[in-house]
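Worksheet: one structure, shown below.
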Amino acid sequence: MPMITIDNVSKWYNPTFQVLKNCTTSVDKGEVVVVCGPSGSGKSTLIKTVNALEPVQEGTITVDGLSVTTMKKDLPKLRSRVGMVFQHFELFPHLRIVENLCLGQTKVLGRSEDSARAKAMKMLERVGLTAHAEKYPGQLSGGQQQRVAIARALVMDPICMLFDEPTSALDPEMINEVLDVMVELAKEGMTMMVVTHEMGFAKKVANRVIFMDAGEIVEDAQKDDFFGSPRSERAQQFLSKILAH
Amino acid sequence: MPMITIDNVSKWYNPTFQVLKNCTTSVDKGEVVVVCGPSGSGKSTLIKTVNALEPVQEGTITVDGLSVTTMKKDLPKLRSRVGMVFQHFELFPHLRIVENLCLGQTKVLGRSEDSARAKAMKMLERVGLTAHAEKYPGQLSGGQQQRVAIARALVMDPICMLFDEPTSALDPEMINEVLDVMVELAKEGMTMMVVTHEMGFAKKVANRVIFMDAGEIVEDAQKDDFFGSPRSERAQQFLSKILAH
Amino acid sequence: QELTGTLKKIKDTGAITIGFRDSSVPFSYLDDNQKPIGFAMDICYKIVDAVKADLKLDKLEVKLNPVTSATRIPLIANGTVDLECGSTTNNADRQKQVAFTNTHFLTASRFVSKKASKLNSIDDLKGKSVVSTSGTTNIKQLTEANAARNLGINVIAAKDHAEAFLMVETDRAVAFVMDDILLASLAAGSKDPTGYVISKDAFSKPEPYGIMLRKDDAPFKKVVDGATAALYTSPEGAKLYDKWFMAKIPPKGLNLNVPMGAEQKKSFAKPSDSADPDAYAM
Amino acid sequence: MAQPLHGLLTRALAAGGYVNYNWNWGIFWEQTPEATGTYFSTLMSGLGVTIMLALCAWTIAFVIGSFIGIIRTLPSKWPVRLGNAYIEMFRNIPLLVQLFIWFFVVPELLPQELGAWVKQLRNGPFYTAMIGLGLYMSSRVATQVSAGINSLPKGQRMAGTAIGLTTVQTYRYILLPLAYRVIFPPLTSEFLNTIKNTAVALTIGVLELTARARSMQEFSFQVFEAFTAATVIYLALSAVVTIGMRYAEQRLVIPGFNGGKA
Amino acid sequence: MFSDFDFNVIWRSLPYLFEQGMTFTLTLTVIATIGGLILGTFVALMRLSSNVALSTFAASYVNLMRSLPLVLVIFLFYFLMPYIGQWIMRADQPVQVGAYSSTIITFTLFEAAYFSEIMRAGIQSIPRGQVMAGYAIGLNYREVMRHVVLPQAFRNMLPVIFTQTIVLFQDTSLVYVLSITDFLGAASKVAQRDGRLTEMYLFAAVVYFTICFTASFFVKRLQKRISIIR
Ligand SMILES: Nc1ncnc2c1ncn2[C@@H]1O[C@H](COP(=O)(O)OP(=O)(O)OP(=O)(O)O)[C@@H](O)[C@H]1O
Ligand SMILES: Nc1ncnc2c1ncn2[C@@H]1O[C@H](COP(=O)(O)OP(=O)(O)OP(=O)(O)O)[C@@H](O)[C@H]1O
Ligand SMILES: [Mg+2]
Ligand SMILES: [Mg+2]
């Protein structure tokens, strides 16, 4: 049963510039899909359309059976059930770590301060940051911040998670502490859509790989097929460039 | 014969914060030395002291037999003979590509406009960017900009080259076009000191690897020794983190 | 002999600077071509002629510099302006910073109000908003009277006469306290000349107007005093008076119709630079 | 301040043996012609008016400016246009002219009775200046507020939206607390500008500090004493505000957050 | 109210308003902008210099000017300038400085403080790496400033500089307090002579608005153009 379906989606930034061209794909429950492709190919845009952070002009997107593209009123509720992790973490710098984790729970889900806090601490423990609960985001390293960002998504009990290049703003040393958390998540059966260039991660946990170029989904293949023999020339080129040295 | 010697160098940013602690090393003529280490360990600072972009409080540094640390008057001349490439390219955005390459030649070396231009074009050809000579830096991709930055250093006929994380601000796809140019340079026998996390590059062309941590040179070893069995625990940890996934 | 002070400066630079007002009708104001004209301006040009003759100059350039009530005294003191030609009351306080030549006009401080508001005496102003021009002796007299008689008047300071009059016109203030001659010309030039009335009740005795110059500059003052005395005592003085007070004046062809009073006649017959109003009383 | 200036002037005057200015620093303790107190006390009352006017105008500027600034960052078109029009309106006419219009023109355009009431207001010039200055400064505050919100990484708004916050909640809990911190320094200087701009109100007869200095000069003819005093008072005032704001700013610092650009 | 509006007075005084008033206003704006920018750049460089005396002097100057209301400074300088001139030229009398030169000097000195802050921000906004890159190819301090930093700082700040110029253009209306014939001064002189304040002030507002609005429109266009080049 598909958790996310993207059906014939097109998007223009202004009347002349089309970022997404008839994109169609889906992500099954429990599946991990990696999206890759050259810079500017529309990966971030595609993933943001899934919880309607970017509106689309054509096509439909559904999450858990609900149409994201036509819904208006219950969008906030729906979004709270789709976890999202950004390239630059986007923690709220004026709130303590634990407050970052509580904000959505209390304001959106209407949980009590206490239960939100308890849940937050549990999640911090899971990403190994209990000790930093009372610090501000600026006092943590990049890797730690990104782990908090993942925790912030998880406290909302999401039905699926979206990641937009979660490691590309990190120092090389910190990439792995984040990837480890993601691998863990995947193993637990979380449905995930991940934009990343970390081919190691893709090889390890992805079920499928989507390759985008110039707004189109050029290739949508099982992991082994993709790394074994990408069909399109553009994907071959891309892989060779990324994996060379 | 050492081209660069760094002898017992210490540096403080303010009375309390010591960035470099008794660093001693040297780079022989024609040698390629890779500097690596965790973020904030002082790699950039160390490499900048070599052409006196950062002053040091203790110790001496010589380049080609001339002391950098005591010299005052002829610093610009000396600097013009040491090529430097920065993480963020640092091309001059208000000058065309070819003007970027001519500025130093005409103002510092006193070459005529014409000969400077001829040299610039030759160098652009070498990095494969002849077609872009009249563009502005902002109109090129990151990889192209970094190649221009290398060319800008080369037109000054440097006796050695310093690189400060030349690929870490690049999209994954573009990293290799820059590394290729650097590998080429190394093969031609250029003396190079390179701060980088691209272990593939280090394995391929480095003669020696220096590992820094918290302002100290923790390890200074032949390439094979370093990758084979790093002596210090800190370096082992670092390598394992960087090379994991 | 050795020239000093203003005369030396005029000789050295070949120029003399006259400060003028832009809306002191008919003493010093701008005509349709934005040229300063008026009774005091005419007097000043006579002074300029005398200075030119005294210094035996072929040519003397006249520079014009606008002044306001607030700027005229500092500008005289700091040398920007050599002669201030307007409607400046000569009083003892001012003589601490500047000097005056012979008096060219005498006027008392009164107020103008709309006929409709039926204000006759100073006491009628009790508790009302009254405007005057900032930097004038009139606003000083108004505040003094306000304090002395405990009137509780709300004193408003306007930048210049026209703005002050506008406040009365638009009912922001019920009255405008100013030298009566200026009030007369403002009322006459207004949209509804018959709608205004000038009080009988005065805040002061008739006080002298003088042309200002720098103090402690005896040689220059001597030339200026000489020139004004000569003008006022000659028939030309009276003719000049009639030109500005008894005939139509530019730009709108207004006639102020203010015949020469007894005090005025006396001050012309016996020119004086005294600041004391009593010196001019009949 | 007073001493060097005095020294400079006295030396200048003495150099030529041409003394035409009587220094009298004791003037501040003399009675004014109004007999309401000393010159010093009138300057102080002017300072009072300046502070009062600045605070009132600033309140108006801050409230309206924030509102306009916020609507200019909304995703829909019309609020943005409205906000832009407001800003263009108030920032493209000199403050002086705006005050004239508020003072001389607007009451005439009101219905007769209302206009008359407005004109008879006892502190009319003060209220006029308060509104005129407040609205004028509000356009600048609005620009700062929008700039502050826009300077935040785009991802902050997205992150708020992504965890399910509504637009109002996103502004209330995330964007505004950050934006006001980011624009705290420019807002401080806009507040200082408000204080300085109160001086323009002298043209419609508000007896604030500069007007007091000017009228002191007019009454006593001690030009330089009067303006020196005003200068010193303004310097002291802005020093106090600057120090106070710096203190407040330090208290608002978020550990590890370095301003707008993350 | 508008029924007895006298538009004729505007029409009749147009030549005066523009030939004299606007000419002065524009001259003052242009000279004070150029002068203030040059002076301000030097002040900014002084303020950023490592020489403590220089930077303290520059900082004090800027802070002094920025703490005072322009109206006060206009009054003060108008009265003070001749004495300063006398002091500088060691003349035996205050030097005569006309209203025209006095306001131009006042505005130049005053605006220099504001422009210096703009230029300082501009210089500081240039990434340190740019300066490093300049030194690295062997340029010296002056060359780095001349060829690398200032051209970029100036270009980056151009919109802000123009915006400040528009502010300056509006502020010139304050010389009205000295009864100098700038545009507003001319308008108010006509207004007062003919008792037509309402008409003239509204007209002045329209003129200022039109000019400033048009100017800031072009500044915005310029901003877009420049941001594309970068
Ligand atoms: N708000 C916007 N307005 C106009 N164009 C935009 C906007 N946001 C993105 N684009 C353009 O849309 C294209 C796709 O952007 P997107 O961020 O989805 O690419 P991406 O594949 O995520 O690239 P990267 O790897 O660099 O993050 C790019 O060419 C980008 O310049
Ligand atoms: N101008 C400065 N003033 C004070 N501290 C500084 C300054 N520049 C750098 N530092 C500090 O000096 C330390 C070393 O900096 P350096 O840039 O050399 O590290 P690095 O090893 O190059 O790190 P990275 O991999 O992040 O580039 C860091 O802790 C940094 O915060
Ligand atoms: Mg992206
Ligand atoms: Mg570094």
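Just so it is clear, the structure is predicted and the values come from calculations on it, not from any experiment. Reckoned from all heavy atoms, side chains included, excluding hydrogens, waters and symmetry mates.
C/Leu142 pairs with exactly one of C/Thr136, C/Val130, C/Thr137 by the side-chain contact (heavy atoms from CB on, under 4.5 Å) rule, that one being C/Val130.
At a cut-off of 3.5 Å, with distance as the only test, a side-chain donor of C/Ser109 or C/Asn138 sits close to an acceptor on the other residue.
A donor-acceptor pair is defined here as one N or O able to donate and one able to accept, closer than 3.5 Å; no such pair exists between the side chain of E/Thr106 and the backbone of E/Phe77.
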Review point. Yes or no on side-chain contact (heavy atoms from CB on, under 4.5 Å) for E/Tyr114 and E/Val62, after CA distance, side-chain angles and deciding distance?
Key: CA-CA 7 Å; E/Tyr114 285 81; E/Val62 171; over 6 Å; no

Check your understanding: Between C/Tyr29 and C/Phe20, does a ring-ring contact (aromatic ring centres under 6.0 Å, His included) hold up when you go through it step by step?
Key -> CA-CA 7 Å; C/Tyr29 64 100; C/Phe20 67 91; over 10 Å; no

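With a 4.5 Å cut-off on non-hydrogen atoms, C/Leu166 touches chain E through its side chain but not through its backbone. Looking at C/Ser23, the atoms closer than 4.5 Å to chain E (heavy atoms on both sides) all sit in the side chain, from C-beta outward. Residue contact with chain C, scored on non-hydrogen atoms closer than 4.5 Å, involves the side chain of E/Tyr16 exclusively.
Atom CD1 of E/Ile34 sits about 10.0 Å away from atom CZ of E/Phe115, to the nearest 0.5 Å.
Taking non-hydrogen atoms and a 4.5 Å limit, the residue list of residues 166-182 of chain E in contact with chain C, ordered by number, reads E/Tyr176, E/Val177, E/Leu178, E/Ser179, E/Ile180.
Judged by the 6.0 Å distance and 45° axis criteria, C/Arg21 is not positioned over the aromatic ring of C/Phe27.
If you tally non-hydrogen atom pairs under 4.5 Å between each of C/Val67, C/Asp22, C/Asp31, C/Thr68 and chain E, the highest count goes to C/Asp22.
Ring centroid separation for the pair E/Phe183 and E/Tyr208 comes in under the 6.0 Å cut-off.
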